[in-house]
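Report on the following structure.
Each chain gets a letter, A, B and so on, in the order its sequence line appears, and its residues count up from 1.
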2 protein chains.
Amino acid sequence: MRATLIYGAGDVRVEDVPDPVLREPTDAVVRVLCSCICGSDLWPYKSMPVAESMPVAERGQRIGHEFLGVVEDVGSDVSGLHAGDVVVAPFVWADNTCDFCAEGLQTSCRHGGQWGAPGVDGGQGEAVRVPQAQGTLVKLPVGEDSALLPSLLTLSDVFPTGHHCALRAGVGPRTTVTVIGDGAVGLCAVLAAKRLGAERILLMGRHKDRTDLGRSFGATDVVAERGDEGVEKVRELTAGDGTHAVLECVGTRQAIEMSMGVVRNGGAVSRVGAPQYPEVPMDFAVFMRNVTLTGGVAPARAYIEELLPDVLDGTVEPGRVFDRTIDLGEVPDGYRAMNDREALKVLIRS
Amino acid sequence: MRATLIYGAGDVRVEDVPDPVLREPTDAVVRVLCSCICGSDLWPYKSMPVAESMPVAERGQRIGHEFLGVVEDVGSDVSGLHAGDVVVAPFVWADNTCDFCAEGLQTSCRHGGQWGAPGVDGGQGEAVRVPQAQGTLVKLPVGEDSALLPSLLTLSDVFPTGHHCALRAGVGPRTTVTVIGDGAVGLCAVLAAKRLGAERILLMGRHKDRTDLGRSFGATDVVAERGDEGVEKVRELTAGDGTHAVLECVGTRQAIEMSMGVVRNGGAVSRVGAPQYPEVPMDFAVFMRNVTLTGGVAPARAYIEELLPDVLDGTVEPGRVFDRTIDLGEVPDGYRAMNDREALKVLIRS
């Protein structure tokens with residue numbers, strides 16, 4: 001079959017790889033219907049060092065952690081899943097039974113792991129061997145040709161990530177929210193905050209097509225300014241106080257600094273942008289303001305059942321974040337387009 | 001009257017100052033029965049620069065933010081308080097009616113402030129003018145000679161601070177807890193965690209008399225090691241996982257680093273030690289573990305009514321943190337004794 005490998009910064013290739021087969025009785029094999037490129041895939045795309053000490057043939061690493069497909073085969077220990085089932089996979093695999101999973105933290109599963117790790121397939125390919133399939137995969141009540149597939153695919157990562165961000169920040173009715181970042185995660189955070197009843201949602205972003213989608217997802221205000229100017233603008237819009245919740249969906253030092261600037265005393269900054277910084281400015285002044293920093297990598301698996309009905313009945317349409325659809329062979333150009341900000345989020349039809 | 005002033009590092013004096021009088025209709029005047037020295041008073045005692053550009057007579061600043069006393073006079077806008085009432089004051093004053101106060105964040109009160117600020121008395125003196133008296137003071141159903149006064153005095157700061165720390169960290173039944181620091185705040189955090197039902201409480205501290213008191217407050221394990229060794233020890237005691245909650249009651253960079261090392265994935269570090277560091281190490285690895293950093297200066301006022309019954313009926317005895325009682329004139333030596341770790345926490349009888 002064909003799958004996507006990354007060899008170093010800027011070097012993504014679609015190549016022939018062995019077809020996946022069951023290795024463990026807890027495995028399943030899934031034929032991929034659609035997958036996508038994540039903002040976090042762009043970090044290695046921007047900066048992954050080329051492993052020059054290795055032979056070229058061994059340098060490539062599988063990539064992609066969001067996919068939806070059809071079960072082709074299941075191991076003897078897998079129950080509840082059958083060939084032909086349409087399923088979505090969360091962006092880490094997990095047994096969904098250990099103590100961490102029981103607490104809703106499948107990203108720390110004692111028997112889980114990441115797609116694309118050594119010996120594990122990535123999601124951007126024609127098929128995937130799914131470890132811990134019974135715990136990992138969620139069956140979807142739709143056919144292979146459902147028009148809902150793009151929105152259902154977002155259950156793999158980007159929509160639950162926005163939901164995790166909002167939930168951890170305590171968003172609910174009467175909450176005021178600032179969302180930092182108008183990428184797909186930021187827009188899904190807007191959608192999640194709206195779904196949780198947020199009273200007011202300020203979206204910080206400067207790409208009008210994206211912030212327009214943010215408005216249709218529920219943003220009540222858009223702030224194009226950044227840095228100190230952005231903080232000042234949010235303060236102006238909130239009578240000087242800032243907002244109860246800040247959803248940090250970028251991951252840069254500037255974004256986390258802005259977060260501390262716009263959060264209301266006693267409020268929470270929730271971060272889901274993979275941090276590109278080692279330290280967070282949380283000094284005595286922040287301490288005196290009782291600001292909480294929360295969030296982290298989203299345990300998407302914990303939220304899929306909760307979010308699924310709203311996707312199925314069209315209450316939310318997170319699939320609108322996909323503004324480009326490509327074939328598997330076009331994946332290298334998909335990375336380029338997202339990296340150049342030509343595309344917001346790219347959907348791959350396998 | 002006499003009151004305590006700080007002139008610079010190591011220079012604390014008890015001097016004659018004007019008697020307090022009502023200035024605003026929202027004021028009260030309280031004759032102090034007892035006050036105490038806080039670990040946070042030691043920060044200026046260690047490092048406050050001498051204001052050499054000012055005349056000596058103007059350099060002194062009032063100090064002390066924990067006191068309990070008897071109402072002597074109330075302004076015309078104060079209801080519910082009368083001369084002769086025994087009252088405790090939380091360590092910031094607040095109107096207790098603004099939106100922040102209504103949320104339980106009296107430390108951010110829109111009309112509040114700190115004891116010892118310019119124009120405001122400190123608590124380590126014979127009497128105090130209390131701004132926003134109706135919102136600030138809590139009447140205590142005891143006489144001036146009650147044996148409970150030391151425990152009731154802790155409601156001013158140190159016990160609610162421990163409670164805030166534990167509450168923000170989400171401590172409850174089945175929670176495992178690490179408390180970092182065996183000072184009075186750390187010991188009160190142990191007591192608060194126990195009161196909230198924590199299943200297991202690991203106290204990190206190396207002063208046996210203090211950790212012994214910690215054990216009697218509810219600590220199940222004591223870890224004397226610090227730094228990496230301390231982290232390793234906590235991990236050993238928790239099957240490698242760390243604890244759900246970490247109560248950071250020191251405020252140093254080492255303490256916050258240890259906190260990140262001993263917290264369980266998905267858990268919370270709650271800090272009430274005034275941070276002596278500008279940044280917190282919360283990098284990609286911490287993000288992947290979904291660790292929350294919370295806490296901050298404790299809104300003691302929010303918790304007094306809740307904690308009071310348990311103090312009155314002897315369920316908890318936080319006053320046991322006082323291991324030395326002095327007269328007001330001995331305050332300079334009280335600072336020295338706490339700074340030299342001769343005393344855990346010093347109670348001052350006015």
Side-chain angles (χ1 to χ4, degrees), chain A residues 40 43 92 98-110 114 164 168-170 174 239-242 244 248 251 253 256-257 260 264-299 302, chain B residues 40 43 92 98-110 114 164 168-170 174 239-242 244 248 251 253 256-257 260 264-299 302:
Chain A
S40 68
W43 294 116
V92 299
C98 79
D99 54 343
F100 281 116
C101 288
E103 292 168 23
L105 201 69
Q106 285 86 345
T107 43
S108 291
C109 175
R110 295 193 189 274
Q114 301 198 16
H164 180 63
R168 282 275 176 143
R174 290 181 304 283
D241 287 340
H244 300 103
E248 198 285 272
R253 172 81 191 191
I256 199 77
E257 285 177 355
M260 295 299 157
R264 191 173 186 272
N265 290 8
V269 173
S270 184
R271 58 177 186 170
V272 290
Q276 307 303 306
Y277 49 81
E279 307 233 327
V280 177
M282 288 190 77
D283 61 3
F284 185 75
V286 173
F287 171 86
M288 291 301 287
R289 295 171 53 214
N290 270 283
V291 170
T292 292
L293 176 61
T294 187
V297 62
Chain B
S40 69
W43 294 116
V92 300
C98 79
D99 54 343
F100 280 115
C101 288
E103 293 168 23
L105 200 69
Q106 284 85 346
T107 43
S108 291
C109 175
R110 296 193 189 273
Q114 303 199 15
H164 181 64
R168 281 277 175 139
R174 291 182 303 283
D241 287 340
H244 300 104
E248 197 286 272
R253 171 79 190 194
I256 200 77
E257 284 177 357
M260 295 298 158
R264 188 173 188 273
N265 290 7
V269 173
S270 184
R271 59 176 185 169
V272 290
Q276 307 303 307
Y277 49 81
E279 308 232 326
V280 177
M282 290 189 75
D283 61 2
F284 185 75
V286 173
F287 172 86
M288 291 301 286
R289 296 170 51 213
N290 270 283
V291 170
T292 292
L293 176 61
T294 186
V297 63

message: Please identify, among B/M288, B/R271, B/R168, the residue contributing the most non-hydrogen atom pairs under 4.5 Å to chain A.
response: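 If we count pairs closer than 4.5 Å to chain A, B/R271 comes out on top.
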In terms of heavy-atom pairs under 4.5 Å with chain B, which of [options] leads?
{"options": "A/T107, A/T294, A/T292", "result": "A/T292"}
{"options": "A/I256, A/V269, A/D241, A/V291", "result": "A/D241"}
{"options": "A/V286, A/V280, A/V272", "result": "A/V280"}

Any donor-acceptor N/O pair, A/N290 side chain to B/A298 backbone, under 3.5 Å: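 Side chain of A/N290 to backbone of B/A298: no pair is present.
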query: Where on A/L293 is there a heavy atom nearer than 4.5 Å to chain B: the side chain, the backbone, both, or neither?
result: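 Both parts, heavy atoms under 4.5 Å.
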task: Over all heavy atoms of both residues, which pair between A/G273 and B/F287 is shortest? Give the atoms and the distance, please.
output: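 Looking at all heavy atoms of both residues, the closest pair is O-CE1, 3.7 Å.
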- request: Take B/N265 and A/E103 through the test side-chain contact (heavy atoms from CB on, under 4.5 Å) and record every step on the way to the result.
  value: CA-CA 11 Å; B/N265 290 7; A/E103 292 168 23; over 6 Å; no
- prompt: Taking atom CZ of A/F100 and atom CZ of B/R264, what is their separation to the nearest 0.5 Å?
  reply: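 Taking CZ in A/F100 and CZ in B/R264, the distance rounds to 4.0 Å.
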query: At what distance, to the nearest 0.5 angstrom, does CD of B/Q276 lie from CZ of A/F284?
result: 8.0 Å
